[in-house]
Asks: 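My questions all concern the structure below.
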Amino acid sequence: MSRDLNELPKIYEYREVEARWQQIWRDEDVYFIEGSDKPPFVIDTPPPYPTGEFHIGNAFNWCYIDFLARYKRMKGYNVMFPQGWDCHGLPTEVKVEEIHKITKNDVDRQKFREMCRELTIGNIKKMRASMRRMAFSIDWSHEYITMMPEYFSKTQRSFLRMFHAGQIYQSDHPVNFCPRCETAIAFAEVNYSDRTTKLNYFNFSGLEIATTRPELLAACVAVAVHPEDKRYAGRAGEDLKVPIFGHDVPIISDEAVDPSFGSGAVMICTFGDKQDVLWWKVHKLPLRKAIDKTGRMTAIAGKYAGMDSASCREAILSDMKSEGILLRQEPLQQRVGTCWRCKTPIEILSLHQWFVKIPHEAALKAAREVRWYPEHMFLRMENWISQMEWDWCISRQRIFASPIPIWFCKDCGQIILPDEEDLPVDPTVDAPKKPCPKCGSTAYVPETDVLDTWMDSSISVMHVTGWDGTQKIPPHFPAQIRPQGHDIIRTWAFYTILRAVSLTGSKPWEQILVNGMVLGEDGFKMSKSRGNVTVPEEILEEYGADSLRQWAALGAATGSDIQFNWNDVVAANRFLTKMWNIARFSLMQLDRAPYDKNAPVTALADRWLLNRLSGTVREVSESLETYQFDKGLKAIREFAWDVLADNYIEIVKGRLYGQSPDRDGACVAIRRSLDAICRMLAPFTPYFSEEIWSYLSDESVHKQPWVSCTFDDAKAGESGEILVKVIAEIRRYKHDKGLALNAPLGGVTVYTPSAMDDECDAGAALNCTLTWKTGMPELKQVVSGVRFDMGIIGPKLRGKAKAFMETIEKMPREDLLTIPEMIEIGGETIAVPGGAVIPQLSYTVAGSSVDLIPVNDSIIITVSQ
RNA sequence: GGGCUCGUGGUCUAGCUGGUUAUGACGUCGCCUUGACAUGGCGGAGAUCCUGAGUUCGAAUCUCAGCGAGCCCA
């Protein structure tokens, strides 16, 4: 049995309600059922980085996921809503170093890992609590943690398979390198920031060169000029001696040189920036490594060897000065690449690293086969793929990450691989099970590099679709949907597509739902330095999860960036209050007296309501099918507040309070509406819906099927709109007359083009005797008096004003229905100034005087005095 | 510098496959304590739909240019 109405409190206490249901709901309620005959709906949810704080951007993203997960469940899908944690990577290492005041090299690798794991476990715990509070219907039995052996053995397995397929290779190649973190990083991990630096002009064996990086002089391999630059015509091919260091470099010409920058001649070093890498490749220049992995100058820097780049720069500039070759210095604004985590400017170093080949065509094809919501987000992927120049560098020189499952033979250098059955392995701990396949030696050297964390997270879809390594294609692959933010299209989405294509040969998901970024109340990205950060916990505390969830749904159209806005949260909370009162009123009325639950719905108002409900259900369903959560929730709110509460309930109150059998139809209509609203709100406001539902049924609303309501009655729709409109107009009339809205009114007659079949609701709602008539009334317009506008009459007529008004007053009233253009005053004919005379009109029907309320061209209301 | 998105009452926002009285919320002003709700109801004021040009009978909506903003990236 459903709950007793005596328990129904007057006020909706979200704190109490949300806490209670959170206790009652059980995780297994939402389990994905293996072997179910329902169609599967697998969501490849984002594994967040366990920072310990579930921020508002996460909350927004997960709201979308939960809306669709709950909706799809109600629609009869076997929904998998897993939860992952993308644990590995620099941020945690940096945090551990901070907390323990160490660097990674101060403790052994195992110990350092242990510290990272411990921190991560604690952070995950905190974030889980926030997520439960938000009522996300996560299937916790499908939780995965990438740092656990069960998961990272899959990462290693995927590495081996791609290696065997020739998709992974090892090579010397320029990579972005953070000297502080001492690791290579991917382009996706490079940030750019502005800084002011000096552009140094110096004499390069007779040629003027401008450079921001004099410390790289030792790494200079060429000087480049633009082929059209007259200053350097004919000089390409010459050799120049590098100042201070003395080695010879050629002058080359290249279109990419900007003749207007500096002196128009640029020195190419290995490597100052990405352009240097390009030139180095195109012109097949030699490699001179001047900076090592710790950011210090190498032996080729001669007397500067061992210096860090900043001191080397100063030293070289000072030596240039004393040699008289430094010509001048200018300040320059430039953007430098920095490590996304520690903000240290990155260097481009040529290092032995592991790479994944980028299959441009196949990736693009797969990306195109995925259905993108919103569609235009695909463009970002397309642009990214088509402009990628370097392969994906997947090795990192760090510790807290999935180990690369490789050893090298100490004697012959041969790569030694583990078998898939032996995974997971940590080559720095485990020994290879077999001797070197080439020379038979058992002496080995472990690969100490580890994998980029995107190597873990980019197989999330393989994992959640049930990959255990025995199959090539996982049992539930591809997933139905990938929900994520647009900020990680070129990382997570791209890498996932790349890996799915490489491992399975096809697209990872059928659809991708891309959400926008959450901006602060000031319209800028939330950041601590701006001070515009709002945390979910604060909102949950003050207004509850259901209000926060409504903000997420309504704050912006799907895919758009969303500005955080307390107003929306407050309005959402008010909607809950309003809805609570609607439910309370409805439940009490349904309970007040027994009614026939199968009574036919015949009254106009009742049919109108159900017709509107039917339209609302259709609209909400269509919106949710295309993930337009804003539209969906808006339609529900409008139906509940506008249609049901403000119009319908006000119209039928008379019948509800009475005893007659025509009350039954209203009860049936209300009960059906309340039921439907609960179900439709369930994905958006799970706590609230469950609470109301508990007074209707003893089951969970979240186990109910989605609403089906087909009560389409176009005629009732049209007539109902007239009914509502007429009542609104008469209320306005009362308002204008200074009457209370429930004040009694005399006889009201409403003339409509076609017959209205409203029995008694309108009259009861307006506290009057209301008669519906078809056609137009036999109206007689009479002038009951006149008013004059002295502002016009005065200046125009001056002394004749008084006589003018007297003349008008004496005229037969019916002659004033249309104001004459000329009138005669004392024998003189004068023009009547426009707007001077204002006739006071009234109407009579069949001889008695009435007030007239025109609704539109075809509907007229008369009120007898 | 490139890509993408956006520019609508004081604020936020819908509409943008061309024709509506330009939606809703917050704020604001007036009236109303009526037996679900004053966290309410009813009503009002408030908009050069960024600017300019073009297409069209007709543009917030389509095209181009400009200005401005945001995000991602170089």
Side-chain angles (χ1 to χ4, degrees), chain A residues 8-12 14 57 187-188 190-192 258 273-275 334-337 340 374-384 386-389 485-491 514 516-526 543 547 550-551 554-557 559-590 592 628 630-631 633-635 637-638 641-642 644-647 649-650 653-654 656-657 670 674 727-744 765-767 856:
Chain A
L8 191 71
K10 207 167 172 198
I11 308 270
Y12 180 67
Y14 71 85
F187 271 110
V190 179
N191 281 338
Y192 293 84
D258 178 3
D273 58 23
K274 213 179 147 190
Q275 183 61 47
Q334 70 167 179
R335 307 201 77 179
V336 290
W340 71 292
E375 238 171 297
H376 69 80
M377 291 295 178
F378 169 69
L379 283 173
R380 296 192 183 203
M381 177 64 79
E382 195 176 35
N383 291 334
W384 178 242
S386 59
Q387 56 114 74
M388 293 194 81
E389 289 164 11
H486 64 60
D487 54 332
I488 49 174
I489 288 176
R490 56 188 61 204
T491 51
V514 181
M517 298 294 104
V518 178
L519 309 175
E521 278 201 284
D522 56 3
F524 293 96
K525 192 178 176 176
M526 281 194 189
Y543 297 98
S547 295
Q550 287 183 73
W551 160 79
L554 277 177
S560 306
D561 289 350
I562 178 171
Q563 201 161 324
F564 178 71
N565 185 353
W566 280 106
N567 277 345
D568 287 352
V569 179
V570 174
N573 194 255
R574 286 201 188 145
F575 171 66
L576 294 183
T577 302
K578 181 69 185 180
M579 195 56 228
W580 179 253
N581 281 298
I582 294 170
R584 212 158 65 87
F585 174 83
S586 304
L587 290 168
M588 289 187 311
Q589 287 305 323
L590 298 178
R592 196 179 61 82
Q628 298 175 347
D630 57 326
K631 260 193 185 169
L633 181 53
K634 208 171 184 175
R637 277 200 196 176
E638 191 189 328
W641 201 320
D642 214 52
L644 178 61
D646 291 348
N647 286 308
I649 288 180
E650 293 303 329
K653 263 182 178 170
L656 285 173
Y657 291 150
I670 283 180
L674 191 60
I727 291 172
E729 287 298 334
I730 295 173
R731 280 186 183 165
R732 192 203 308 261
Y733 167 82
K734 283 187 172 179
H735 176 264
D736 292 346
K737 289 259 165 184
L739 298 168
L741 290 181
N742 63 345
L766 293 161
N767 197 11
N856 57 32

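None of the values given here were measured: they were computed from a predicted structure. Below, chains carry the letters A, B, ... as their sequence lines are ordered, and counting in each starts from 1.
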Asks: Is the distance from OP1 or OP2 of B:C37 to the nearest side-chain N or O of A:K10 less than 4.0 Å?
Replies: yes
Asks: Counting only Watson-Crick pairs (N1-N3 plus N6-O4 or O6-N4) and G-U wobbles (N1-O2, O6-N3), all under 3.5 Å, who is the partner of B:G58?
Replies: none
Asks: Would you say A:K653 reaches B:A36's phosphate, i.e. side-chain N/O to OP1/OP2 under 4.0 Å?
Replies: yes
Asks: Rounding to the closest angstrom, what is the interatomic distance between B:G54 and B:A59 at atom P?
Replies: 12 Å
Asks: For the P atoms, the ones on B:U51 and on B:C67, what distance do you get once it is rounded to whole angstrom?
Replies: 16 Å
Asks: So does A:W641 get a side-chain nitrogen or oxygen closer than 4.0 Å to the phosphate oxygens (OP1/OP2) of B:G41?
Replies: yes
Asks: In whole Å, I'd like the distance from the CD1 atom of A:I730 to the C1' atom of B:C42.
Replies: 15 Å
Asks: Quick one: which of B:A25, B:G70, B:C37 gets closest to the side chain of A:A571?
Replies: B:A25
Asks: Could you tell me the Watson-Crick or G-U partner of B:U23, where both distances fall under 3.5 Å? Say none if there is no partner.
Replies: none
Asks: Distance check: side-chain N/O of A:Y657 vs OP1/OP2 of B:A36, anything under 4.0 Å?
Replies: yes
Asks: Are any of A:R490's side-chain N or O atoms less than 4.0 Å away from OP1 or OP2 of B:G3?
Replies: no
Asks: Counting only side-chain nitrogens and oxygens, does A:K578 get under 4.0 Å of the OP1 or OP2 atom of B:G41?
Replies: yes
Asks: Quick check: closest heavy atoms across A:V518 and A:G57, and the distance to 0.1 Å?
Replies: CG2-CA, 3.9 Å
Asks: Please determine, for B:U33, whether a Watson-Crick or G-U wobble partner exists with both distances under 3.5 Å, and give it or none.
Replies: none
Asks: In whole Å, what separates the C1' atom of B:G2 from that of B:U39?
Replies: 49 Å
Asks: With a 4.0 Å cut-off on heavy atoms, is A:D646 in touch with a base, just the backbone sugar-phosphate, or nothing at all?
Replies: sugar-phosphate
Asks: I'd like the P distance from B:U17 over to B:U33, given in whole Å.
Replies: 48 Å
Asks: Go through B:C12, B:U39, B:A36 for me and flag the one nearest to the A:I649 side chain.
Replies: B:A36
Asks: Can you check the A:E650 CD to B:U34 P distance for me, whole Å?
Replies: 13 Å
Asks: For B:A69, what is the paired nucleotide under Watson-Crick or G-U wobble rules, both distances under 3.5 Å?
Replies: B:U5
Asks: Kindly point out which of B:G70, B:U39, B:A36 is positioned nearest to the side chain of A:M588?
Replies: B:A36
Asks: For A:A583 and for A:I11, locate the closest nucleotide of RNA chain B by heavy-atom distance; then report the residue assigned to the nucleotide nearer the 5' terminus.
Replies: A:A583
Asks: Going by purine N1 to pyrimidine N3 plus the second Watson-Crick contact, or the G-U wobble pair, all under 3.5 Å, which nucleotide sits opposite B:C49?
Replies: none
Asks: Between P on B:U5 and CG on A:L379, what's the gap in Å once rounded to a whole number?
Replies: 6 Å
Asks: Can you find a pair of side-chain heavy atoms, one from A:L656 and one from A:F585, that are under 4.5 Å apart?
Replies: yes
Asks: Looking at B:C12, B:G27, B:G70, which one has an atom nearest to any side-chain atom of A:D561?
Replies: B:G70
Asks: Would you find a donor on one side and an acceptor on the other, under 3.5 Å apart, between the side chain of A:W580 and the backbone of A:P9?
Replies: yes
Asks: What is the distance, to the nearest angstrom, from the CZ atom on A:R380 to the P atom on B:U5?
Replies: 8 Å
Asks: Please report the shortest heavy-atom distance between A:Y14 and A:Y543, naming the atom on each side.
Replies: OH-N, 3.4 Å
Asks: For A:Q550 and B:A25, what is the distance between atoms CD and C1' respectively, to the nearest whole Å?
Replies: 12 Å
Asks: Calculate the interatomic distance between A:E521 atom CD and B:U11 atom P; express it in whole Å.
Replies: 15 Å
Asks: Considering only atom C1', compute the distance from B:C6 to B:U13 and round it to an integer number of Å.
Replies: 13 Å
Asks: B:C26 and B:C62: how far apart are their P atoms, nearest whole angstrom?
Replies: 30 Å
Asks: Could you pull out the closest heavy-atom pair between A:K578 and A:A645, with the gap in Å?
Replies: CE-CB, 3.9 Å
Asks: Rounding to the closest angstrom, what is the interatomic distance between B:A25 and B:C32 at atom P?
Replies: 23 Å
Asks: Atom CZ of A:R637 to atom P of B:U23: distance rounded to whole Å?
Replies: 19 Å
Asks: List the atom of A:E521, the atom of A:N565, and the distance in Å for their closest heavy-atom pair.
Replies: OE2-CA, 4.0 Å
Asks: I need the NZ-C1' distance between A:K634 and B:G24, as an integer number of Å.
Replies: 5 Å
Asks: Between A:F524 and A:I582, which has a closest nucleotide on RNA chain B that is more 5'?
Replies: A:I582
Asks: Are more than 12 heavy atoms from other residues, nucleotides or ligands located less than 6.0 Å from atom NZ of A:K525?
Replies: no
Asks: When the ring planes of A:F564 and A:W551 are compared, do they come out parallel, tilted or perpendicular, using 30° and 60° as the limits?
Replies: perpendicular
Asks: Between B:G19 and B:G35, how far apart are the two P atoms, rounded to whole Å?
Replies: 45 Å
